[in-house]
Number of protein chains: 2
Amino acid sequence: MNDRLETPKRPMTSRQLAALIGVSQAAVSRAFTPGSSISPELRERILRGAREFGYQPNAIASMLTTRRTNIIGLVVSDMSNPFHPAMVERLTRGLQRLGLQSLLFNVTPGARVEDQLIAIRTYNVDAVIVLSATVLSERDLAWAVEGRRAVVLNRLTTQDITTICCDTGLGMRALVDHLHAIGRRRIGYVAGLTRSAIGMERHSAFTTRLAELGMRLTGTASYESHSYEAGWKGALDLLAGKPDAILFATDILALGGMDALREAAGLRIPEDIAVAGFDDIALAGWPHYALTTYRQPIDQMVELTLSQFTAGPAPAPAHIAIPGELVIRGSTQRLGDTTV
Amino acid sequence: MNDRLETPKRPMTSRQLAALIGVSQAAVSRAFTPGSSISPELRERILRGAREFGYQPNAIASMLTTRRTNIIGLVVSDMSNPFHPAMVERLTRGLQRLGLQSLLFNVTPGARVEDQLIAIRTYNVDAVIVLSATVLSERDLAWAVEGRRAVVLNRLTTQDITTICCDTGLGMRALVDHLHAIGRRRIGYVAGLTRSAIGMERHSAFTTRLAELGMRLTGTASYESHSYEAGWKGALDLLAGKPDAILFATDILALGGMDALREAAGLRIPEDIAVAGFDDIALAGWPHYALTTYRQPIDQMVELTLSQFTAGPAPAPAHIAIPGELVIRGSTQRLGDTTV
DNA sequence: TTGAAAGCGCTAACAG
DNA sequence: CTGTTAGCGCTTTCAA
């Protein structure tokens, strides 16, 4: 590797501690290994000694023998969509609870993905969690998780990897049904990344339900990004079609769209036009936006992800879609209804 | 440790590769060590063989001998303030560029901090970056970084640790001067975490400048949090004092405050009341908010942090304050000026 | 420059 | 239950 940082001073080793309290080095190791065969008295004596002399087992050394690192690689590509940090935060906390560490990888479109993720291999992480990282091609994805447990969140893949997503079909259906129920008939759609599988799924689930209900698609826009700006521009693009509602592929798009509709187009929401998103990020609940959206079941998604990393043989790869929850707020409202 | 995850299948070792191409195991090691004494030809032959057979050096094993992990512990406590994920993203990318990995720690107020950060020690991370983690007491902080390089960002400490902050004094002065320049004289202040050193510094820098300019402090509010909701409530609390401007300790507070002022109090910004924040998060630039704020020099802060981790002896701990930049947007405006 | 050999600190058989 | 003994895969002397 490189020699960027100098060698820090050495902490005490199990052998030193063993010598200090007159037991074998192996005994020290056992004292720190739950379930190993050691008498409670000996263990207690050793743990007390460890506290006294400040001994901590060296995880690096144990990795070498056990071939387990207890490190999970967390691959993310875009922290500017608030949905992602929210997810990262929960995942990291959950992993910590299980005694697992999170090695964070931020993949960017520029450099070669394999170079960016090489540490997944050299550091031998036990498992990989990929969070909506559309930057990764199918090949990259396969390379990154090769030979280890993996969970892909909010992204679909043809690889033999467990994927966990919010149920797009249910979500889009609930949203469209809601728009229908409040009397909207002319709907525009702002897509995010149209070439991602999940993006396409959201789009097609949307158009399918729209057709089933006999509603009109007044137009589709996309700037190939999940950003406020993309939502802003996308919303304005759709106005020519005179929609009475716009559905956005993600909340962050919807926020940009709402501001554009209000400030650039001078429209009232929901009186002139209804707006809905998908995700339920914290900002969607802010009073200024009060965005109707489909809430991703974050907690369940995290729990399910964590359950892949517990003892026993690796679960067979599965593609899991979890139902979310329609959250109705002020951005949608029955047409002609004047109460806010 | 635990036995959560089963042993994955073993990758090729340097010894195996050595046997395969008929060189010594040490030669393989040297081939992957920049600057080691090995002939270009041998190295080339070995690297070619490595590519062919898919050999990758095992970082774990090398950690054991070199006692360097090339892992940096990144300690964060609150990802819901957008300033933090923005910082984490840049830090991680910067570290990756240097060939360093980021082990992410999410400290929460609940559990014992030492338990949450134990991996800093057992995994022997080379250095620690603490990001505004006010959850950590001074004692926790000292414990966490003991014996290794460390940088504390946006937090002050009495410990002998390098701290890197945006220059609070300059920032607050610039903001107050600006409010003064546009004719505001009655200023309210919404604080975040009042018991943090940086919180107190911002507050006192603010009041100092206010007094120097002979402006009136109409009130101070705080809900001990950097959140939208805390800003919302804080802003409303201040209205009794009839301020013509409110300064918020952070942008996220200001956003909540602005929405409260507009939607709950029915005020116009900046006509009825001016608003300013501190940080310049992405949302501050959204047209709906157009928040005047003091931009933290994130890029410089990250570069400076990274420079602490480059070759050579550890730089002496220093307390560094970097000037930011006043960003004037629509939320502040000359009193009586009607153009937007 | 290259190879042989001795560990790094720990876990995991294997005896006792 | 406890101690002894081999390694884990690599880096780093030390000779050649």
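Residue numbering restarts at 1 for every chain, and letters A, B, ... go by the order of the sequence lines. Below, each value reflects all heavy atoms present in this structure, side chains not excepted, and no hydrogens, waters or symmetry copies.
For the pair B:R67 and C:dG9, the criterion of a side-chain N or O lying under 4.0 Å from OP1 or OP2 is met. The side chain of B:S39 places an N or O atom within less than 4.0 Å of a non-bridging phosphate oxygen (OP1 or OP2) of C:dT2. One finds a side-chain N or O of B:Y55 lying less than 4.0 angstrom from the OP1 or OP2 phosphate oxygen of D:dC10. Of the side-chain N and O atoms in B:S24, none sit less than 4.0 angstrom from OP1 or OP2 of C:dA4.
One atom, CG of A:L17, and another, P of D:dG3, lie 13 Å apart when rounded to the nearest Å. Atom CD1 in A:I46 sits roughly 14 Å away from atom C1' in C:dT11 (whole-Å rounding). If you take CD of B:Q16 and P of D:dC10, they are 9 Å apart, rounded to a whole angstrom. Going from atom CD1 of B:I38 over to atom P of D:dT13 covers 17 Å, rounded to whole Å. Atom-to-atom, CD of B:E44 to P of C:dT2 comes out at 13 Å; the value is rounded to the nearest Å. Rounding to whole angstrom units, CD1 of residue B:I21 and P of C:dG3 are separated by 10 Å. Rounded to whole Å, the distance from CD on B:Q25 to P on C:dT2 is 15 Å. To the nearest angstrom, C1' of D:dC10 lies 13 Å from CD1 of A:I60.
Distances from the side chain of A:T65 to the nucleotides D:dG3, D:dG9, C:dT11 place C:dT11 closest. The B:N58 side chain lies nearest to D:dC10 when the options are D:dC1, D:dC10, C:dT11. Comparing atom distances between the A:S37 side chain and each of C:dC10, D:dC1, D:dC10 picks out D:dC1 as nearest. Taking only side-chain atoms of B:R15, from C-beta outward, the nucleotide of C:dT11, D:dC10, C:dC8 with the closest atom is D:dC10. Checking D:dC1, C:dA12, D:dC8 against the side-chain heavy atoms of A:L64 singles out D:dC8 as nearest. Across C:dT2, C:dT11, D:dC10, the shortest atom-to-atom separation from the side chain of A:S29 is found for C:dT11. Of the candidate nucleotides D:dG9, D:dT2, C:dG9, D:dT2 has the atom nearest to the side chain of A:R30. Checking C:dT11, D:dT2, C:dG9 against every side-chain atom of A:R10, the shortest atom distance belongs to C:dG9. Closest approach to the A:T33 side chain among C:dT11, D:dC8, D:dC10 is made by C:dT11 (side chain taken as heavy atoms from C-beta onward).
Taking the nucleotide of DNA chain C with the nearest heavy atom to each of A:V28 and B:P40, the more 5' of the two is matched to B:P40.
Using a cutoff of 4.0 Å between basic side-chain nitrogens and carboxylate oxygens, B:R139 and B:E146 are not scored as salt-bridged. A salt bridge does not link B:E114 with A:R51: none of the charged nitrogens is closer than 4.0 Å to a carboxylate oxygen.
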Which side-chain N or O atoms in residues 85-96 of chain B pair as donor and acceptor under 3.5 Å with protein atoms at least two apart or in another chain?
from: B:E89; atom 1: OE2; to: A:M79; atom 2: N; distance (Å): 3.2
from: B:E89; atom 1: OE2; to: B:R93; atom 2: NH2; distance (Å): 3.2
from: B:R90; atom 1: NH1; to: B:D299; atom 2: OD1; distance (Å): 3.1
from: B:T92; atom 1: OG1; to: B:V88; atom 2: O; distance (Å): 2.7
from: B:R93; atom 1: NE; to: A:N106; atom 2: OD1; distance (Å): 3.2
from: B:R93; atom 1: NH2; to: A:S77; atom 2: O; distance (Å): 3.3
from: B:R93; atom 1: NH2; to: A:N106; atom 2: OD1; distance (Å): 3.2
from: B:Q96; atom 1: OE1; to: A:N106; atom 2: N; distance (Å): 2.9
from: B:Q96; atom 1: NE2; to: A:N106; atom 2: O; distance (Å): 3.2

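Note on residues 151-164 of chain B: pairs passing side chain to side chain donor-acceptor pair (under 3.5 Å), not counting sequence neighbours, are B:E138-B:R155, B:E138-B:T157, B:E138-B:T158, B:E138-B:Q159, B:N154-B:Q296, B:T163-B:H319.
Looking at A:R148, its side chain never comes within 3.5 Å of a backbone N or O of A:V128 through a donor-acceptor pair.
Residue A:A27 is classed as a sugar-phosphate contact, given heavy-atom separations below 4.0 Å to backbone atoms only.
Note that the CG atom of B:L103 and the CD1 atom of A:I72 stand 10.5 Å from one another [nearest 0.5 Å]. How far NE2 of A:H226 is from OG of A:S80: 10.5 Å, rounded to the nearest 0.5 Å.
Looking at DNA chain C, the stems built from 3 or more consecutive Watson-Crick or G-U wobble pairs, each pair with its key distances under 3.5 Å, are C:1-16 with D:1-16.
For A:F32 and A:Y55, the ring centers sit closer than 6.0 Å to each other.
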